[in-house]
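What follows is one structure encoded as structure tokens, with my remarks underneath.
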Protein chains: 2
Amino acid sequence: MTATEKAQPRGRPRTFDIDEAVDRAVKLFHRRGYDAVGVAELGSELGIKPPSFYAAFGSKAGLFEQALERYTASKANVFGNALLEGGSVAEVIERTLLEAARIYPEQDGAAGCLVMDGTRNSTDPEARALAAALKEAGRARIRDFIATEFPARADELADLVAIALAGMSAAARDGAKASTLKAFAEAASRAFRHEAARA
Amino acid sequence: MTATEKAQPRGRPRTFDIDEAVDRAVKLFHRRGYDAVGVAELGSELGIKPPSFYAAFGSKAGLFEQALERYTASKANVFGNALLEGGSVAEVIERTLLEAARIYPEQDGAAGCLVMDGTRNSTDPEARALAAALKEAGRARIRDFIATEFPARADELADLVAIALAGMSAAARDGAKASTLKAFAEAASRAFRHEAARA
DNA sequence: CTTTTTCTGTAGCGGTCACTAAAAATAGTC
DNA sequence: GACTATTTTTAGTGACCGCTACAGAAAAAG
């Protein structure tokens, strides 16, 4: 299963590591947004020339899709990680919001959530659709989880969390400090408990 | 003062109306974002050719600047309008959030706030700077107003409102319905009152 | 009238964009 | 060694970007 050496295929071997290239692409897209980072820059930063780029990823959007997958499978998936630690719905949501407050502030030049804000206003419909699909999938997961305790108000409570996260991501991109996001996350968490207890 | 006919100047008269052109530009930028709408499209939509465009506005960013001014002076300035009706801080903030929930959903193809989301991830630093300046100015106005009742916690409470508005704008751009935003605005308003009463 | 001023249309500038055709290079296989 | 398969390099492509030079057109001023 860990046979990374898989009996080298026929032709000339690839001189770069696809996984590492995707990792670097995640950073670039996160730092600067989908539109701002061009294929030329990706190539030079990843150390590959355009034809190799297109042979490996198909298109710029194709690389972006892989980058999004890598990103959502990482520690940046705040809800997924919060869910792993278990607990009540309110506890998991609180951890989700606090984790976002911890991760979203600028690190290495990248701020906010790549999925939520990496393609906002992008001129590329394909890139926007990819991000939108992941955004909706994340919201659906949160809603289904909330429904385990609050089935009647799952949608409304999920929207509360999703919109709060979107606001935090936008604020982080605009330079909000970790302390600012933490204070908001705590207030949002209190609001969630309060709203969940209503009706 | 209403002398719209101001003793026609010397040269060939302009064949288009600058005010109307700015209005159309507001709609275009709001609908599609700064980067996605090019000078060629602006020209054809506004009925003017490139040289007239540059004589009138200086640059694409110049037109965007005027469009932002027009936008912030309109009913889209949710806090400014809420402030006009007076009342306590909590009342004005509630009206601000509810007004945002009313106007952010898609209308005529445009959703969210032009200032908050019209240039997110734009490749043009000038356009981003213009929007960022207005964003910060708006947050400062809200903070100063909140300080009239809650001087010690004005920053924290202003961040609560600003991040909530940013989230609502992002959600609206992603297709959130008016009812969704209204429910969030009401919850955020309750959270504001609750947080303001703390400590 | 001629002159001056300002705007308009035609045409196109240099630059960047995502992307690709063609051939050389490097491996396994026969 | 000859052949096949794959990736590499070189050198671009056409399309679009924001923007402008230039000359003609339309007004007031002399």
Side-chain angles (χ1 to χ4, degrees), chain A residues 4-22 25 28-29 32-67 118-119 121-130, chain B residues 3-22 25 28-29 32-67 119 121-130:
Chain A
T4 3
E5 328 220 352
K6 39 161 51 183
Q8 170 126 335
R10 270 279 220 126
R12 175 172 177 172
R14 189 172 272 131
T15 58
F16 63 97
D17 185 290
I18 286 203
D19 267 13
E20 187 187 326
V22 173
L28 283 170
F29 284 134
R32 317 242 313 280
Y34 180 79
D35 285 20
V37 45
V39 171
E41 181 180 4
L42 282 165
S44 83
E45 201 73 25
L46 273 48
I48 59 184
K49 306 257 163 82
S52 300
F53 179 93
Y54 284 93
F57 305 113
S59 67
K60 181 186 173 185
L63 171 57
F64 186 60
E65 184 171 12
Q66 289 195 230
T119 60
N121 299 127
S122 169
T123 57
D124 187 326
E126 189 177 353
R128 270 185 280 131
L130 288 168
Chain B
T4 3
E5 329 220 351
K6 40 160 48 182
Q8 169 123 341
R10 270 278 222 131
R12 176 172 178 173
R14 189 173 272 128
T15 59
F16 64 97
D17 186 290
I18 286 202
D19 268 14
E20 189 188 325
V22 172
L28 283 171
F29 284 134
R32 319 243 312 282
Y34 181 78
D35 285 20
V37 45
V39 171
E41 181 180 4
L42 281 166
S44 82
E45 200 74 24
L46 274 45
I48 59 185
K49 305 264 162 78
S52 301
F53 179 93
Y54 284 92
F57 304 113
S59 68
K60 182 186 174 186
L63 171 57
F64 186 59
E65 184 171 12
Q66 289 195 230
T119 60
N121 297 125
S122 169
T123 57
D124 187 326
E126 188 176 354
R128 270 185 281 132
L130 288 168

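To find a chain, count down the sequence lines: A is the first, B the second, and so on, and within it residues start at 1. Small disclaimer: the values here were computed from a predicted structure and weren't measured.
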Next on the checklist: Testing the basics here: between A56(A) and Q66(A), what is the closest heavy-atom pair and its distance to 0.1 Å?
Outcome noted: O-OE1, 4.4 Å

Checklist entry - Residues in salt bridge (charged side-chain N to carboxylate O under 4.0 Å, His left out) with R32(B), at least two apart? => result E41(B)

Checklist entry - Once you round it to whole Å, what is the distance between P of dT4(C) and CZ of R10(B)? => result 9 Å

Next on the checklist: Let's see if you get this right: which residues in residues 51-67 of chain A place a heavy atom under 4.0 Å from DNA chain C?
Outcome noted: P51(A), Y54(A), S59(A), K60(A)

Next on the checklist: Just so I know, are the side chains of F53(B) and V39(B) near enough to count as touching, which here means a heavy-atom distance under 4.5 Å?
Outcome noted: yes

Checklist outcome for this item: From CD of Q8(B) across to P of dT5(C) the rounded distance in Å is 16 Å

Checklist outcome for this item: For S59(B) and Y54(B) the tightest heavy-atom approach is CA-CE2, 3.6 Å

Checklist outcome for this item: Sorted by position of nearest nucleotide on DNA chain D, 5' first, the leading residue of P13(B) and F16(A) is F16(A)

Checklist entry - When the distance from NZ of K49(A) to P of dA24(C) is rounded to whole Å, what number comes out? => result 17 Å

Checklist entry - For L42(A) and L28(A), what are the C-alpha separation, side-chain angles and deciding distance, and is it a side chain to side chain contact (heavy atoms under 4.5 Å, CB included)? => result CA-CA 8 Å; L42(A) 282 165; L28(A) 283 170; 3.7 Å; yes

Next on the checklist: Going 5' to 3' along DNA chain D, which are the first and last nucleotides with any atom under 4.0 Å from a heavy atom of chain B?
Outcome noted: dG18(D) to dA29(D)

Checklist entry - So how far is it from T119(B) OG1 to L130(B) CG, rounded to the nearest 0.5 Å? => result 8.5 Å

Checklist entry - Minimum heavy-atom separation for D35(A) to S122(A), with atom names? => result OD1-OG, 2.6 Å

Checklist entry - Within less than 4.0 Å of OP1 or OP2 of dT8(C), is there a side-chain N or O belonging to R12(B)? => result no

Checklist entry - Roughly how many Å is it from CD1 in I18(B) to P in dT6(C), rounded to a whole number? => result 14 Å

Item to check | Value rounded to 0.5 Å, distance of OG1 in T123(B) from OH in Y34(B) | outcome: 8.5 Å

